[in-house]
Amino acid sequence: MMIGGFLFALYWMKHQKSFLYWSLSCWLFAAAELTASLRVFIDFAVVTVAIADFMIILVNVLVVQGIRCYVQPQKAHFKMFAPLLLISALALAGSLHVPDLAQFITTIIVCGLLFYSVNLLGGNHQATNQPSKILVALLSIHGLVMLLQASIIALHSFNVLAQSTSNVMPVILLIHIMLATCTALFFPLLFFMRNEDHLVGLASYDPLTGVFNRRGFFDQWQILSKRTHDKSCHLSVMMIDIDHFKHVNDKYGHEAGDAALKWLADLLAHELRENDVLARMGGEEFAVMLPGCESSQAEIVAERLRNCIFKTRFVYLNQVIPITISLGFITEDQPITDIKGLLVQADKGLYKAKDLGRNRAMRYHSGLDHTPTTWTTT
Ligand SMILES: Nc1nc2c(ncn2[C@@H]2O[C@H](COP(=O)(O)OP(=O)(O)OP(=O)(O)O)[C@@H](O)[C@H]2O)c(=O)[nH]1
C-alpha cells in the first residue's frame with residue numbers, strides 16, 4: 001500500500017501515466033491478497049477464487065500497461081487488454097469449483113504477462129540503462145517462479161506432490177512478494193535514469209546539427225582512450241572550417257547559414273565511418289576523430305570530404321549557395337595522451353589550408369623538435 005502511495009505521489013508530481021498504472025497495480029495487489037485470504041473465513045468461491053484471481057491478473061496487466069506507457073506511449077492503449085481480460089474472466093468463471101485449475105490458469109496468464117514485460121523492456125533500444133537491465137532480470141526471475149508454481153499446481157492436481165506443496169507454496173508466495181516489491185521500487189528509477197541520460201545527451205550534442213559538441217567530442221575521446229589503453233593504435237584528427245562563412249551569412253542571411261551548417265554536418269556524417277567521431281567545436285568549425293585511421297587513409301578521407309562538399313550543391317530557398325571547406329589533419333601512430341595538442345596541430349594545418357587559398361586539405365607533420373614542420377596538400 002505504501003509503495004502504491006509513493007508511486008501515486010510520483011504520478012501526481014510528474015504526470016507520467018506509468019506511475020498511475022503501477023500505483024493502481026500495487027493497491028490492487030494488496031486488495032487481491034486480502035480477498036483471497038477471506039477463504040479462511042468464508043466459503044464463497046466466486047469472491048475468494050474467481051474475483052481474487054482475476055484481480056491478480058489485472059494487477060499484472062496494469063504493470064505491463066505502465067511499462068508500455070514508458071516504452072511506447074503513443075501505442076499504449078489499454079483496450080488492447082480487453083480480449084485477454086474477457087477470456088480470463090470466462091476461464092475463471094468456468095473453473096469456479098476447481099480452485100487448482102483457477103490457480104493454474106492465473107499463474108500461466110501472469111507468467112505470459114511477465115515475459116511480455118521482459119520482451120518490452122529488453123527489446124527497447126532506448127531502455128538500456130542499468131535499472132531497465134535489473135528490471136528485466138527481476139521480471140525474468142518472476143516469470144520463472146511463475147512457471148515453477150504452475151508446474152507444482154499441475155503435479156499437485158495429479159496427486160504427484162500431494163503432501164509437499166503445502167510447504168512450498170508459502171515460500172513461493174514470499175518470493176512473489178519480495179520480487180514484486182523490488183520490481184515496484186525499481187520502476188521509478190527507469191524514468192529518473194532516462195531523464196538523466198537525456199540531460200547528458202543534451203550536454204554532449206550540438207542542437208543545431210545533431211552531431212557531438214566540444215564536450216561530447218572530449219567525452220568520446222575519453223571512452224576511446226580507455227578502450228585502446230596500452231594498445232598502439234593509429235589515430236587521425238581533422239579540423240574542418242567552412243570557407244568565407246561570414247559571406248554566406250551576410251549575403252543569404254543567418255538562417256541560410258544555419259541550414260548550411262546542418263547540411264554540412266549531415267554530409268560529413270554520411271561520408272564518415274560509424275566509429276569516427278564528428279563534432280561541431282563551435283561556430284563553423286568541426287572536428288573529426290578517426291580511430292585506427294593511418295596516415296595514407298587520412299589523406300584519402302580528407303580529400304574525399306573536401307571533394308564531396310565541393311561537388312554537392314547546397315540549395316537554400318531555391319538558391320544555390322556555393323560552399324567549400326578547408327581541412328587540417330594529423331595522424332599519430334603512438335598511443336595518445338594529449339588529444340588537445342593533436343587538435344592544435346590539426347588546426348595549424350587548417351590555417352595553412354586557408355592561407356594557401358582555401359578549399360584544400362593540409363596535413364600537419366610534427367617531427368622531433370629539430371625537425372621543421374612540413375605541410376602536404378592533398
Ligand atoms: N549562421 C550561423 N553563423 C555562425 C554560427 N556560428 C558562427 N557563425 C558565423 O560564422 C562566421 C565566421 O566568420 P569568420 O571567422 O570570419 O570566418 P569565415 O568568414 O568563414 O572566413 P574563413 O574561415 O577565413 O574562410 C561569423 O560570421 C559567425 O557569425 C552559427 O551557429 N550560425
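All ligand and atom numbering here is 1-based and tracks the order in the structure. FYI, side chains are in, hydrogens and waters are out, and symmetry mates aren't considered; it's all heavy atoms of this structure.
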Practice task
State whether R273 and D276 are salt-bridged, where the test is any N-O pair (Lys NZ or Arg NE/NH1/NH2 against Asp/Glu carboxylate O) under 4.0 Å.
Solution key: yes
Handout entry: Atom indices of ligand 1 within 4.0 angstrom of I242 heavy atoms, with elements
Key = 20 (O), 23 (O), 25 (O)
Handout entry: Nearest protein heavy atom with distance in Å, relative to atom 6 (N) of ligand 1
Key = G283 CA, 3.2 Å
Handout entry: Charged N-O contact under 4.0 Å between E271 and R304
Key = yes
Completion exercise
One finds that the ligand 1 atoms under 4.0 Å from a non-hydrogen atom of G257 are 1 (N)
Exercise for the section: May I ask you to identify the nearest protein heavy atom to atom 18 (P) of ligand 1, giving residue, atom name and distance to one decimal place in Å? Expected result: F245 N, 3.4 Å
Practice task
Using a 4.0 Å heavy-atom threshold (strictly under), name the region of L261 that reaches ligand 1: side chain, backbone, both or neither.
Solution key: side chain
Exercise for the section: Decide, yes or no, whether a salt bridge links R214 with D206 under the criterion of side-chain N to carboxylate O below 4.0 Å. Expected result: no
Handout entry: Distance filter under 4.0 Å to R358 heavy atoms, resulting ligand 1 atoms
Key = 22 (P), 24 (O), 25 (O)
Exercise for the section: Classify the contact between K354 and ligand 1 as side chain, backbone, both or neither, using a heavy-atom distance cut-off of under 4.0 Å. Expected result: side chain
Problem - Pick from T324, D243, N249: the one approaching atom 1 (N) of ligand 1 most closely through a non-hydrogen atom - result: N249
Practice task
Starting from atom 19 (O) of ligand 1, find the nearest protein heavy-atom neighbour and note its residue, name and distance.
Solution key: K246 N, 2.8 Å
Exercise for the section: Decide yes or no on side chain to side chain contact (heavy atoms under 4.5 Å, CB included) for F286 and T209, but give the supporting numbers first. Expected result: CA-CA 11 Å; F286 291 81; T209 59; 4.3 Å; yes
Problem - Per-atom contacts of ligand 1 with R280, taking only distances under 4.0 Å to non-hydrogen atoms - result: 5 (C), 6 (N), 30 (C), 31 (O)
Handout entry: atom 12 (C) of ligand 1: the protein heavy-atom neighbour that sits closest, reported with distance to 0.1 Å
Key = E284 OE2, 3.3 Å
Problem - Salt bridge flag under 4.0 Å for residues D258 and K262 - result: no
Exercise for the section: Could you tell me whether K17 sits above the aromatic face of F78, with NZ or CZ closer than 6.0 angstrom to the six-membered ring centre and within 45 degrees of the axis? Expected result: no
Fill in the blank from the handout: With heavy atoms and a 4.0 Å threshold, my read on which part of D258 contacts ligand 1 is both
Practice task
Walk me through it: do Y70 and L121 pass the test side chain to side chain contact (heavy atoms under 4.5 Å, CB included)?
Solution key: CA-CA 9 Å; Y70 167 77; L121 272 178; 4.1 Å; yes
Practice task
Examine F19 together with F191 and report whether their ring centres are nearer than 6.0 Å.
Solution key: yes
Problem - Side-chain heavy atoms of L113 within contact of L84, under 4.5 Å - result: yes
Problem - Under 4.0 Å to a heavy atom of D241 - the qualifying atoms of ligand 1, by number - result: 23 (O)
